[in-house]
Asker: 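Before I ask anything, let me first share the structure, which is written out below as structure tokens.
Ligands are counted one by one from 1 in listed order, and the atoms in each one are counted from 1 as well. Nothing here was measured: the structure is a model prediction, and the numbers come from that model. When reading the values below, keep in mind they use all heavy atoms of this one structure, side chains included, and skip hydrogens, waters and symmetry mates.
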Amino acid sequence: MAQPKVWLGVSLKMYFGYQQTLTWCRDVAALAQRHPAIQQGDIGLFVLPAFPAIPAVAEIFADTPVRFGAQDVCQAANGAWTGEVSASMLQELRCSLAEIGHAERRRHFHEDKNQIAAKVAMSLRHGLAPVLCIGEEQQGHPEQAIALCAQQLAEALAEAEHQGLQGSLLFAYEPQWAIGAPQPAPDSYIRAVCDGLRQLPTPQGITLQVIYGGSAGPGLIQRLGGSVDGLFLGRFAHDPQALAQIVDEASVLLKEIR
Ligand SMILES: O=C(CO)COP(=O)(O)O
């Protein structure tokens, strides 16, 4: 299947309970069913619920183009890794994506670059597109952010390159200072950084699309224009109507710029 021109992804983090997750996903499934740009594959919608909800979410999205995946994946294939979930089990559950290296996991669970590189490789090995989260801690100049992200991207892809793995990767540029904030990073800042990130080299056989996350919500995708390949949403997609508005904005943008 061709890659969508615009991605809209939502991580539910640990905000919703089980039933609340399913109710929200049913609303998203209905949105996907009625929206031509999603049906035609121009907009790729994906949802990352908490692990226990994945089988039920898979049922809800079964007859829709909505992709789903996990918020994390184990770096090891299987074995004595209490509390972890393997890439192969996610594959069995029909996940197509695995989020890796979110700032909250780096902060609370001290995930380091070696773990992240191993998770990227493990995901690609099992046909899961990594949603690789990278972003600077403090706001500075766009050039500094690009340099730091470039280094983190190279580190995250090192193991996959070493193993000669192929696949597509979503690079979620998430400046840490803009996550959980009242508003996203300034438009000009996001555009400058994402324009730079889209030029970064990748190992042969690995393709990359850049999406922005960090207090993204209605109005942002149009302001960013063609500088990003989509958005990675959190809180501001909890209201299904807000998500529907963002989908509408993305389809207007597609008509304008592509
Ligand atoms: O971290 C994010 C997406 O994974 C962004 O979350 P918020 O949009 O809630 O800041």
Asker: Just checking D239: does its CG atom have more than 12 heavy atoms from other residues, nucleotides or ligands closer to it than 6.0 angstrom?
Answerer: yes
Asker: Where is the nearest protein heavy atom to atom 6 (O) of ligand 1: which residue, which atom, and how far?
Answerer: K13 NZ, 3.2 Å
Asker: With heavy atoms of G234 as the reference, note each atom of ligand 1 found under 4.0 Å away.
Answerer: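 Result: 6 (O), 7 (P), 8 (O), 9 (O).
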Asker: For ligand 1, which atoms, with element, lie under 4.0 Å from some heavy atom of H102?
Answerer: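 That gives atoms 1 (O), 2 (C), 4 (O) of ligand 1.
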Asker: Does an N or O anywhere in R235 fall below 3.5 Å from an N or O of ligand 1?
Answerer: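 Yes; the residue has a nitrogen or oxygen that sits under 3.5 Å from a nitrogen or oxygen of the ligand.
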Asker: State plainly whether the residues E99 and R105 are in salt-bridge range, i.e. N to O under 4.0 Å.
Answerer: no
Asker: Any N or O on E174 sitting closer than 3.5 Å to an N or O of ligand 1?
Answerer: yes
Asker: Enter the distance from L153:CG to L169:CG here, rounded to the nearest 0.5 Å.
Answerer: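 The CG atom of L169 is 7.0 Å from CG of L153, to the nearest 0.5 Å.
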Asker: Should F232 be listed as contacting ligand 1, given a heavy-atom distance under 4.0 Å as the test?
Answerer: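 F232: in contact with ligand 1 (<4.0 Å).
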Asker: Evaluate whether atom NZ of K13 has more than 12 neighbouring non-hydrogen atoms of other residues, nucleotides or ligands under 6.0 angstrom away.
Answerer: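 Count over threshold, so yes.
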Asker: How close do R67 and S96 get, heavy atom to heavy atom, and via which atoms?
Answerer: CB-OG, 3.5 Å
Asker: Enumerate the atoms of ligand 1 whose separation from the nearest heavy atom of S215 is less than 4.0 angstrom.
Answerer: 7 (P), 8 (O), 10 (O)
Asker: Heavy-atom contacts with G180 under 4.0 Å: which atoms of ligand 1 show up? List them by number with element.
Answerer: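 Those of ligand 1 that fall under 4.0 Å from G180 are 10 (O).
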Asker: Around Q20, counting heavy atoms of other residues, nucleotides and ligands shown, do more than 12 lie under 6.0 Å from its CD?
Answerer: yes
Asker: Is any NZ, NE, NH1 or NH2 atom of the basic residue among D229 and R198 found under 4.0 Å from an Asp or Glu carboxylate oxygen of the other?
Answerer: yes
Asker: Consider every N or O of S11 and every N or O of ligand 1, then say whether any pair is closer than 3.5 Å.
Answerer: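 Between S11 and ligand 1 (N or O atoms, distance only) the closest approach is not under 3.5 Å.
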